Amino acid sequence: MNQVNRPAFFTTLLFWLMSLTLITTSCSQDQKDKIQSAADSVTSGITKAGGAQPTLDSVYIVRAMNAEPAFKEQLIWAKKFYREREFRLGWFRNHEIVPQAKTLLGVINKAADEGLDPKKYKVKDFDKLFADLEKAQGDSTKRNALEKQIDVALSGTYFNYASDFYRGRVNPREVKGIDWDVKRNKIKLHKALMTILKERESTYPYYEFEPLHPEYDGLKKALAEYRAIQRNGGWPLLPAGTKLKPGDSSPNVALLRQRLLGTAADTAAPAPATATPVQPVANGAATPVAVAAPKYDGELVLAVKEFQRDMGLKVDGIVSGETVKQLNVPVSDRVRQITVNMERWRWVPKRFEKDYLLVNIPDYKLHVVENDKEVFDMRVIVGKTLNATPVFSDKVEYVVLSPYWNVPWSIIEKEMKPKLMSNPSAYLDRLDMEVVRGYGKKAVAVDPNSIDWSSIEQKTFKYTVRRRPGPKNDLGEVKFIFPNSNDIYLHDTPHDELFSQSKRGFSHGCVRVAEPLKLAEYLLRNKPGWDMQTIQDTIAERREKYVSLKETVPVYLVYFTAWVDPAGHVNFREDIYGHDTALAKEYFQ
């Protein structure tokens, strides 16, 4: 059948299908649906430009995607996308390019706003391809070949960009030093593309090429603000050793005012001491008149306190030490810090559960979220640098009241072994500790004097050294168990004084919580008979008690050093474990 006769053939076939639909009123609904589907399929092949829309096949897709190095990793998504649509083109309707193609290319032009490099996604010269397509309109063979080429190129471009935008440029589980074992975003990019092309519905804003989390969007706006500051020359640096208390006068106050309140506020500040006027006297000589240095007070003190709060520092209004250090961080460093934290938001699940716990390690804080809203938070203590708290996710299953503390092997070997070798019974009694064989209710006490402590090795040590429940117990009165291979959990501590520190990296890796009873009461709120009084009475018995939750609660231990709070303030925290540095090295290469 030649090209001239094709439109007539399809028109005849469509007429036949429509007639068949009218005369089959007695058919089942399923049969009617099949007939209508066939009619729709034929309709899609009848175009204003003449001739059927070309289709693809798997061989063409594989060859085209593999021919472009940037698309190779996205082949799996292209195959799924075209297979699901029975190899029909995605970006053309009636031989015309759909508007979403223009939107996609516009989004890629602005990829820098997302902390991404637009050049990475501009691997095809679409201006030339579109121009060639326009010239080929009189030649259906050439036109169809170009439509197929452009369609796969647009899909490859989308998957290349969307993979980075929705899943992250860096795979954290493949790069040493990043340390991120939180469950991943399971986005299906071929489904997202179908949403963009209006072929399916979704609760996620793929169709608008929008991010999945408002926290990401907040950082994106912050990135734009800090880049604007960078383009304008950054901010002034305070001299090393600067120390200002409210009420002090110093030439450095003008710099501080410019740093925190901007140039408009700075114009109201007194002139610098270098601009000292002279006062004439009767004999014609000139005597310098000292101009008082600007005073550190009022709105500037409030601005410093706000800055300290946003940096997680002690809020006292005193400009010295760590406050000066944070004020002098170059704006270029802050731009990079914002960018790597945007990347982390691409790694997390596209939607959190309605109820969950979230520990942000660099912020030393636990957030309790219920029905998508934070109900309270509390301070936490995390692992010191040499015993870094791992970044991962799990589910809380038990609250343990009056827990035993099982001493880690590293502490037994490095700290306790010498004293255990000399007088084990007296030493352990003084620490309110015991040695047992077995676990839980089946644990049996063992005479510590019967063990040759001088020759113990981890692989052959069949005992547990543990501290009994009580005021000396390292876990305090409560611990919260989410079984994991890292042996990490949340727990109380007898050292409440440590929570007053602004930097709280003191533990051996587990997370100590400031208000354990409040957290226990919350987690057991749906457990009949377990109110605060029952919890306290059980603790007072000094016997370990496991209480399972009615429903497990997801817990996320994450690592964000930059975010925007509900008041719109950009917060920064110290990269305490060097994870930002490791990620930046990989991200910006």
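Sequence positions, counted from 1, serve as the residue numbers for this chain. All values derive from a computational prediction rather than experimental measurement.
Looking at N341 and Y216, their side chains never bring a donor and an acceptor atom within 3.5 Å of each other. No side-chain donor-acceptor contact under 3.5 Å links T552 and E397. Residues D394 and N484 bring no donor and acceptor atom of their side chains to less than 3.5 Å of each other. Using a 3.5 Å distance cut-off with no hydrogens or angles, the side chains of Y556 and E353 do pair a donor with an acceptor. Neither side chain, R227 nor Q230, offers a donor N or O lying under 3.5 Å from an acceptor on the other. Inspection of the Y82 and D151 side chains reveals an N or O donor paired with an N or O acceptor under 3.5 Å. Side-chain polar atoms of R169 and S163 form no donor-acceptor pair below 3.5 angstrom.
Taking the six-membered ring wherever Trp is involved, the centroid distance between the rings of Y204 and F209 does not fall below 6.0 Å. A distance of 6.0 Å or more separates the ring centres of W180 and F392. If you look at Y161 and Y121, their ring centroids are closer than 6.0 Å.
When side chains are defined from C-beta on, V380 does not count as touching N360, because their heavy atoms never get closer than 4.5 Å. W91 has its side chain within reach of L197: a pair of non-hydrogen atoms, C-beta onward, lies under 4.5 Å apart. With a 4.5 Å cut-off on side-chain heavy atoms, W77 and Y158 do not count as touching. In this structure the side chain of F376 never reaches within 4.5 angstrom of the side chain of E370, judged on heavy atoms. L557 is not listed as a side-chain neighbour of V391, based on a closest heavy-atom distance of 4.5 Å or more.
A cation-pi arrangement is found for K148 relative to Y60, the charged atom lying closer than 6.0 Å to the ring centre and inside a 45° cone about the ring normal.
Atom CG of L302 sits in a crowded spot, with more than 12 heavy atoms from other residues, nucleotides or ligands closer than 6.0 Å. No more than 12 heavy atoms of other residues, nucleotides or ligands lie within 6.0 Å of NZ in K135, so this atom counts as exposed by the packing criterion. The number of heavy atoms from other shown groups lying within 6.0 Å of NZ (K122) is above 12.
Contact check on D139 versus R143 returns no salt bridge, with no Lys/Arg side-chain nitrogen under 4.0 Å from an Asp/Glu carboxylate oxygen. Contact check on E322 versus K314 returns no salt bridge, with no Lys/Arg side-chain nitrogen under 4.0 Å from an Asp/Glu carboxylate oxygen. Ion pair E114/K221 not flagged as a salt bridge, since none of the NZ, NE, NH1 or NH2 atoms sits closer than 4.0 Å to an Asp/Glu carboxylate oxygen.
Going from atom NE2 of H579 over to atom CZ of R344 covers 7.5 Å, rounded to the nearest 0.5 Å. With values rounded to the nearest 0.5 angstrom, Q326 atom CD is found 6.0 Å from L313 atom CG.
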| message | Show, in sequence, the C-alpha distance, side-chain angles and deciding distance for F572 and Y226, and conclude whether the ring-ring contact (aromatic ring centres under 6.0 Å, His included) test is met. | response | CA-CA 13 Å; F572 294 104; Y226 277 70; 5.7 Å; yes
| request: Evaluate the side-chain hydrogen bond (donor to acceptor under 3.5 Å, both in side chains) criterion for residues Y559 and D580: first the C-alpha distance (whole Å), next the side-chain angles of each, then the deciding distance (0.1 Å), finally the verdict. | output: CA-CA 9 Å; Y559 195 93; D580 277 10; 5.4 Å; no
| message | Quick one, N171 with W347, criterion side-chain contact (heavy atoms from CB on, under 4.5 Å). Give me CA distance, side-chain angles, the key distance, then yes/no. | response | CA-CA 8 Å; N171 186 335; W347 298 343; over 6 Å; no
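With sequence neighbours left out, E210 forms a salt bridge (Lys or Arg N to Asp or Glu O under 4.0 Å) with no residue at all. For F130, the ring pair (Phe, Tyr, Trp, His ring centres under 6.0 Å) partners two or more places apart in sequence, or in a different chain, are F126.
Listed by first and then second residue, the side chain to side chain donor-acceptor pair (under 3.5 Å) pairs involving residues 189-198 are E84-K191, T195-R200 (not counting sequence neighbours).
A distance-only check finds no donor-acceptor pair linking the side chain of T242 to the backbone of L238 [under 3.5 Å].
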